[in-house]
There are 2 protein chains.
Amino acid sequence: MVDTDNKTRTLQTVSTSLEVLSELKENDTLGVTELATRLDISKSSAHAHLATLEDKELVINRNGTYELAVNLFTFGQYVREQNLLYQHGKSQVDKLADETSQYVHIVTEENGWGINLYQIKGETRVGGDYQQNKPQRRDHLHYTASGKAILAAFPADRVREIIESNGLPKRTSNTITSERELFEELESIRERGYSYNDEEEIEGFRAVGTAVRGPGGEVLGSLSISGPTSFMQGDRYKETIPERLINAANVIEVNLNMNKSDR
Amino acid sequence: MVDTDNKTRTLQTVSTSLEVLSELKENDTLGVTELATRLDISKSSAHAHLATLEDKELVINRNGTYELAVNLFTFGQYVREQNLLYQHGKSQVDKLADETSQYVHIVTEENGWGINLYQIKGETRVGGDYQQNKPQRRDHLHYTASGKAILAAFPADRVREIIESNGLPKRTSNTITSERELFEELESIRERGYSYNDEEEIEGFRAVGTAVRGPGGEVLGSLSISGPTSFMQGDRYKETIPERLINAANVIEVNLNMNKSDR
DNA sequence: AGTTTGGTTCGTCTATTACGAACAACAAAT
DNA sequence: ATTTGTTGTTCGTAATAGACGAACCAAACT
C-alpha cells in the first residue's frame, strides 16, 4: 500500500478501523462481505475490525448486519457539552429564537469545517408541526453566515489553507466561489462586524452571523439567525436582527470572561 | 498482554486506540505522556495513536494537548437520527412535554444500558433538546421508569444476562437491588402496561414509563415522563400521566407500522 | 436436496506495531 | 544565561500482531 502523505507515522490498522466507521456512517448498515469489498480488504479482516468495534461498543450487530452503535451518541453529547461556546451560548440562543421566531444556530469550526452544534427554531406558531433539522452537520464555511463570520475572524493565511483543502463549491447562484471575491467579502464583514448570507447556501434563505471570541481572543465559533428572504428584509435584515445578534454575542463573551478565572 | 476473554479474535491495536478515545472522554484533555502512563503504553506508541485519531478527525490537538474532536458530534447526530424510535417519537414527545409540562424522555437500549436519546422539559418552549443537570447519558435500566419498561418487555433470560453484566447498583433507598424483587416488579409492569419509578433513581423524583415496539414486535425503546414527587401524585400519577403516555406510545407504534412498507 | 450467498474461524507468513533511545522544544529554576 | 526538568516528536529495530485465504457453517433461495 502507498503511504499517502507521511508527516507523522500513523497506524494503518487503526486507520482502516476508522474507515469502517465512516463507511458505516455513509451506508447506514453493512454486512461483512460488502464492507470488505468496499474497503478492499479480506473478509476475515473486515470481520476482525467489526468484532473489535463491536467489542468496544461503537458498532452493533443487529440481525446479521452491522451498524453504528447508539453509544456513539454518548460521545457526541459529551463533546458538545464540553464546548465552551455551547455551554455559554445556548441560553442566549434560545432567547434569540424566542425574540426573532427564526432559526438560530451555534456553529463551531474544526479542520476548516463548520459544525452545527445547536439549532433551534423560534415558535412561528404554525399549526404545532415541528420542523426537522437537516441531517448535514458539517458544512463549508464560505456559504453560510456563521461560516463567513468565522472566516472573517481568521488570519488570511489560515483562510487560504482552508480554501486549499476544502475548496469553494457552489451551492446556489449567489455562492461566492472565487477566492478574491471571498476575501473582499471577509473584509467588509470585518468592517461591518457581522456577516450576511444572501441566499448563498439555499435559495430563498437569508441569514446574519457573527463570531464569538473566547477570553484569549481566540475564535470559539459563531452565531447566526436565518429565515426566509420574505421575512429577512428591510430594517429587520439590516438592523434589528444584526443588533440582537451582536448583543447576544456580547453577552456570551462577557459571561465567558467572567468564568475565565475558574479555568 | 493477556487476552481478556477470547470469543472472537479482536484487534489489539484498534482496541487501544479506542481506549484512547474513552480515556479522552473521561479526562477532558490529555497530553501524550499522561495518556501513555494511564494506558501503560510507551510514549511513542501513545503518540502514534493520537496522530492516527487526529488524522481521522476524531481527536484534535488544541495548543499542545489532545481532546475529542467536535466532529464526533456529527457521528452522534447521525446515529440518533438513524434511530427509528427517535424519528417517529420526537414529535409525540414534544407534544407530551407541552401537555404535561414535565420532563419527557426517549430512551433506547444497547448492550444492556439505557441511552437517553432525547429529553425535553415542558413549559420551556419546544424545539431544541434540553440537557438539564444530567450529563450522564448511559444509565442502568433497573432504576428508571424507561429502563424498567424496557426490561419488562424483554425475555427473562435476557434480563438475567443484563443483570449479570451490569449489576443492580443502588441509587436511592428505593432502588430495587435484588434480582427476585426486580422480576416481581417487571411482572406487575407487564400486567399494568406501564412502569413506575418511585424515587428509585433520584430522591424526590417520580416517573412513569412505557415501552415502544417496532413493526416486528421488537422493543425499540421506551418513553417516560418524570417530575418532582410533589407534582407526580394522586390521579395525575395514577391515571392522567400514564394514559397520555400510553396514548403517545400507541400513536408512535401506529406511525411505525404505516411506514413499515417503505422499508 | 442442492446451490449460492454471506458469516465466522483458524493457521501461517509477513508487514506493522510497540518499544526505547535519542532528539527537540519549551519552562522553570538557579 | 545556563542548567535542569518536563513533555512532545522522530526513528531504527525486534518481535508481535494483523491480514490473508482456505475451510467451515448457516441461511436463503431454487
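Chain letters run A, B, ... following the sequence lines, proteins first, then strands; residues in each count from 1. Side-chain atoms are counted along with the backbone in the values below, which use heavy atoms only and exclude waters and symmetry mates. Everything quoted here is computed from the prediction, not taken from an experiment.
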Practice problem: Starting at the 5' end of nucleotides 18-30 of chain D, put B wherever the base has a protein heavy atom under 4.0 Å, S where only the sugar-phosphate does, and a dash everywhere else. | Solution: SBBB---------
What's the [atom1]-[atom2] distance between [X] and [N], to the nearest Å?
X      : N       : atom1 : atom2 : result
L30(B) : dT7(D)  : CG    : P     : 12 Å
E34(B) : dG8(D)  : CD    : P     : 9 Å
L50(B) : dT17(C) : CG    : P     : 15 Å
N61(B) : dT7(D)  : CG    : P     : 15 Å

Exercise. With sequence neighbours excluded, tell me which residues meet side-chain hydrogen bond (donor to acceptor under 3.5 Å, both in side chains) with S17(B).
Key: H49(B)
Quiz item: What residues form a side-chain hydrogen bond (donor to acceptor under 3.5 Å, both in side chains) with S45(A), not counting sequence neighbours?
Solution: none
Below the 4.0 Å mark, does [N] have OP1 or OP2 next to a side-chain nitrogen or oxygen of [X]?
X      : N      : result
T8(B)  : dT8(C) : no
H47(A) : dG7(C) : no
Y66(B) : dT9(D) : yes

Quiz prompt | Dot-bracket encoding per residue of DNA chain C, Watson-Crick/G-U cut-off under 3.5 Å, | denoting interstrand | solution = |.||||.|||||||||||||||||||||||
Quiz item: Is there side-chain contact between E201(B) and D139(B), with heavy atoms separated by less than 4.5 Å?
Solution: yes
Exercise. Please examine the side chains of I150(B) and V107(B), heavy atoms only from C-beta on, and report whether any two atoms are closer than 4.5 Å.
Key: yes
Self-check item: Pair listing, salt bridge (Lys or Arg N to Asp or Glu O under 4.0 Å) test, anchored in residues 45-62 of chain A, at least two apart
Solution: K56(A)-E19(B), E57(A)-R138(B), R62(A)-E67(A)
Exercise. Could I get the full list of side-chain contact (heavy atoms from CB on, under 4.5 Å) partners for E253(A), not counting sequence neighbours?
Key: V212(A), R213(A), N250(A)
Practice problem: Measure the CG-OG distance between L68(A) and S22(A) for me, rounded to the nearest 0.5 Å. | Solution: 9.0 Å
Quiz item: Can you say whether the rings of H142(A) and H140(A) are parallel (under 30°), tilted (30 to 60°) or perpendicular (over 60°)?
Solution: perpendicular
